[in-house]
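Start at 1 and go down the list; that is how both ligands and their atoms are numbered. Sequential numbering from 1 along the given sequence is applied to the chain's residues.
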Amino acid sequence: MAISRRQLHGFEQFLKDFVPQVARKSKQLNQAVWLLETTGSPDAADLKAELETELRMLYNDKKTYEQLLEWDKDKSIKNPLLKRQLNILIRSFKSNIIAPKLLREIAEKESALSQTYTNFRPKVDGKYLTDNDIRDILKHENDPKKRQKAWEASKEIGDQLAPQILELVALRNKAAKSLGYSDFFQMQLDLQEVDGKWLLKFFDELATQSDQAYQEVLKTIEKEQTKRFKVKSDALGPWAWSEPFCQEDPLGGKELDSLVKEIDLAVAGTKFFQKMGIDVKGILEKSDNYEREGKNQHAFCINIDRDKDVRTLNNIKPTIKWLETILHELGHAVYELGFDPKLPWLLRDPPHMIPTEAMALVSGRQAYRAKILPSLIGKKSPLMDQADESLKRRQLIFSRWVFVMTAFESELYRKPKQDLNALWWKLVEKFQQVRPPSGREHKNDWASKYHLGLAPVYYFSYLIGELFASSIEESLQKQNGSIEIATEKGGQFLQQKLFAPGNSLSWNKLIESVTGKPITSEAWIKQFAK
Ligand SMILES: [Zn+2]
């Protein structure tokens with residue numbers, strides 16, 4: 001091979017020594033994560049925390065970071081795959097050269113916050129309620145007074161958490177400033193190759209473009225909910241929605257569930273991907289698909305070794321939501337298995353959450369397409385006509401929620417010492433058009449959202465993923481005359497264009513290469529906001 005005949009560049013030698021250590025540690029960490037999430041074992045939790053620190057310590061080295069920056073200036077490194085690996089390493093090292101004491105303080109505060117979050121139970125009429133209890137009430141209860149009580153209870157945790165979150169915000173900002181950033185929001189975006197100014201402007205424009213369609217959705221919801229709760233529209237309040245943040249479609253759902261009652265959803269998922277020429281049986285065999293005591297109650301996909309071991313965790317129940325979820329997680333999984341195996345380890349990864357979410361979302365949304373549903377569940381029903389409308393509402397409602405989260409987070413880190421609760425409601429009113437009920441003035445309603453404390457600067461990826469998902473469907477329409485992804489041609493297109501490049505391109509270059517243009521909201525607007 002050419003490489004062995006010449007002297008290795010210092011950077012190539014570094015890759016040879018360094019990457020196997022990271023690969024080994026990551027695999028161990030992923031195995032611990034899997035064990036923890038499938039069993040809830042405290043030993044696995046300790047092991048996971050230990051391995052996380054060990055992995056982070058591999059990157060906690062200022063000298064290497066400076067050496068990487070030197071190599072970045074070295075004109076003799078021309079190979080684009082080497083340059084990309086250098087770029088990835090520089091960003092990984094940069095986020096880990098923050099003073100170890102500060103990193104530890106942040107980790108401790110996060111863990112304390114997470115504990116408060118897990119253990120807090122608001123009391124309503126002498127009874128402690130879990131998150132699920134509150135969601136249940138908001139889904140099924142018809143008495144507005146009881147709904148209001150449950151909604152108010154869901155906000156109580158905000159007052160508990162706000163001081164802790166603000167301490168974390170201060171520490172995160174301190175870390176960001178030590179790396180030369182104005183605040184943590186800007187740092188996180190920059191390390192993810194996202195331009196913060198562009199993002200906020202892009203979302204503001206999208207909010208304007210989709211405003212009329214959202215108004216119509218609101219009108220429909222208002223009409224249905226005033227009937228259901230027998231109140232006037234100005235008395236509806238945020239508790240008229242089906243969960244505490246008005247981020248999901250409060251209409252429909254139950255009827256659609258009846259469609260999948262007797263369907264084996266794992267089989268439906270297998271057939272769906274088979275039509276793309278992709279066999280997911282191996283993934284499902286390694287996966288953990290059904291509810292069990294001690295197991296994580298949500299769903300995710302994990303690539304254990306960036307080789308062939310990709311698994312999903314599900315808790316399949318006979319609902320349309322779980323049909324969507326299984327397609328979503330398998331979408332992530334087939335992406336992870338589709339990287340060009342010749343790519344070096346560092347590049348066998350999506351360049352950002354955005355493209356892998358786009359694949360997961362474009363797969364998941366098929367559960368709400370009236371045209372696709374019959375082939376997924378093997379029967380037809382007039383109920384299916386509701387699916388398209390429901391998908392449209394879900395897209396518009398969720399986009400509004402992402403606008404609130406993104407605008408709020410940027411302000412939270414830019415100026416933490418302001419009336420955050422007033423800011424929160426101002427944004428909720430602006431984007432979601434949900435009016436604050438009276439008596440919220442001195443509360444901390446913003447702080448009841450889990451992601452603000454524990455999954456910061458992250459939400460925007462879902463919406464960009466939805467926009468990219470629509471652009472993918474538009475590209476398929478142009479090439480194959482149909483937006484359907486579950487076809488052989490669709491599968492080939494995704495495999496070659498989206499999955500194979502891995503992290504050899506930045507997320508925005510990858511989008512350009514898949515759709516022929518930079519990220520745009522055009523296709524999404526055409527599908528859901530026209
Ligand atoms: Zn996902």
Side-chain angles (χ1 to χ4, degrees), residues 30 33-34 37-38 188 192 194 243 245 247-249 265-266 268-270 272-273 276 278 280 283-284 286-289 295-304 306 309-317 319-339 348-369 376 391 394-395 397-399 401-402 405-406 449-451 454-473 485-486 494 498-499 502-503 507 510-511 514 519 524 528:
N30 291 332
V33 168
W34 184 256
E37 301 297 352
T38 52
Q188 283 299 95
Q192 299 174 53
V194 177
E243 42 64 56
F245 298 100
Q247 67 177 92
E248 289 172 14
D249 175 24
L265 298 182
T270 308
F272 179 78
F273 286 96
M276 278 188 232
I278 303 174
V280 297
I283 301 166
L284 286 169
K286 291 198 191 81
S287 295
D288 192 320
N289 287 325
K295 182 182 157 182
N296 175 322
Q297 294 176 59
H298 302 279
F300 65 84
C301 169
I302 187 168
N303 189 344
I304 300 280
R306 297 195 189 182
D309 191 352
V310 175
R311 310 170 188 182
T312 63
L313 180 140
N314 301 291
N315 287 277
I316 300 174
K317 272 169 266 181
T319 64
I320 197 91
K321 174 92 192 142
W322 273 105
L323 176 59
E324 176 194 7
T325 305
I326 188 122
L327 295 174
H328 182 109
E329 299 310 334
L330 286 172
H332 281 304
V334 299
Y335 188 132
E336 294 283 337
L337 284 171
F339 303 134
R348 270 180 264 144
D349 199 26
H352 192 278
M353 255 182 71
I354 293 167
T356 176
E357 278 310 328
M359 179 57 201
L361 292 163
V362 80
S363 306
R365 65 164 75 147
Q366 307 309 322
Y368 296 90
R369 283 238 154 85
L376 274 171
L391 177 62
R394 292 156 52 84
Q395 291 284 335
I397 290 168
F398 185 68
S399 70
W401 173 242
V402 178
M405 284 292 282
T406 310
K449 184 67 188 170
Y450 175 91
H451 295 71
L454 290 163
V457 199
Y458 169 94
Y459 239 89
F460 69 95
S461 312
Y462 286 121
L463 183 54
I464 309 260
E466 292 282 12
L467 304 181
F468 183 23
S470 291
S471 298
I472 289 174
E473 290 186 319
I485 63 162
L494 292 167
L498 182 64
F499 310 161
N503 199 353
W507 68 269
L510 178 70
I511 290 180
V514 174
I519 182 74
W524 186 87
F528 304 116

**Q** Take Val194 and His352 through the side-chain contact (heavy atoms from CB on, under 4.5 Å) test and state the conclusion after the steps.
**A** CA-CA 10 Å; Val194 177; His352 192 278; 4.0 Å; yes

**Q** Considering the options Tyr459, Phe460, Phe245, Trp401, which one meets the ring pair (Phe, Tyr, Trp, His ring centres under 6.0 Å) requirement together with His451?
**A**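 Filter result, single survivor: Tyr459.
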
**Q** Taking 2.8 Å as the upper limit, name the protein N, O or S atoms near the Zn ion (ligand 1).
**A**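 Under 2.8 Å from the Zn ion (ligand 1) - ignoring waters, which are not counted - the protein N, O or S atoms are His328 NE2, His332 NE2, Glu357 OE1, Glu357 OE2.
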
**Q** Can you tell if the side chain of Asp288 reaches within under 4.5 Å of the side chain of Arg311, non-hydrogen atoms only?
**A**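 No, side chains not in contact.
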
**Q** Could you list the residues that satisfy side-chain hydrogen bond (donor to acceptor under 3.5 Å, both in side chains) with Thr312, not counting sequence neighbours?
**A**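 If we apply the side-chain hydrogen bond (donor to acceptor under 3.5 Å, both in side chains) test to Thr312, skipping adjacent residues, the hits are Ser287, Asn314.
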
**Q** Per the side-chain contact (heavy atoms from CB on, under 4.5 Å) rule, which among Leu284, Ile278, Val310 passes with Leu330?
**A**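 Option passing the side-chain contact (heavy atoms from CB on, under 4.5 Å) with Leu330: Leu284.
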
**Q** Between Phe398 and Tyr462, how do the two ring planes meet: parallel, tilted or perpendicular, split at 30° and 60°?
**A**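 Correct class here is perpendicular.
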
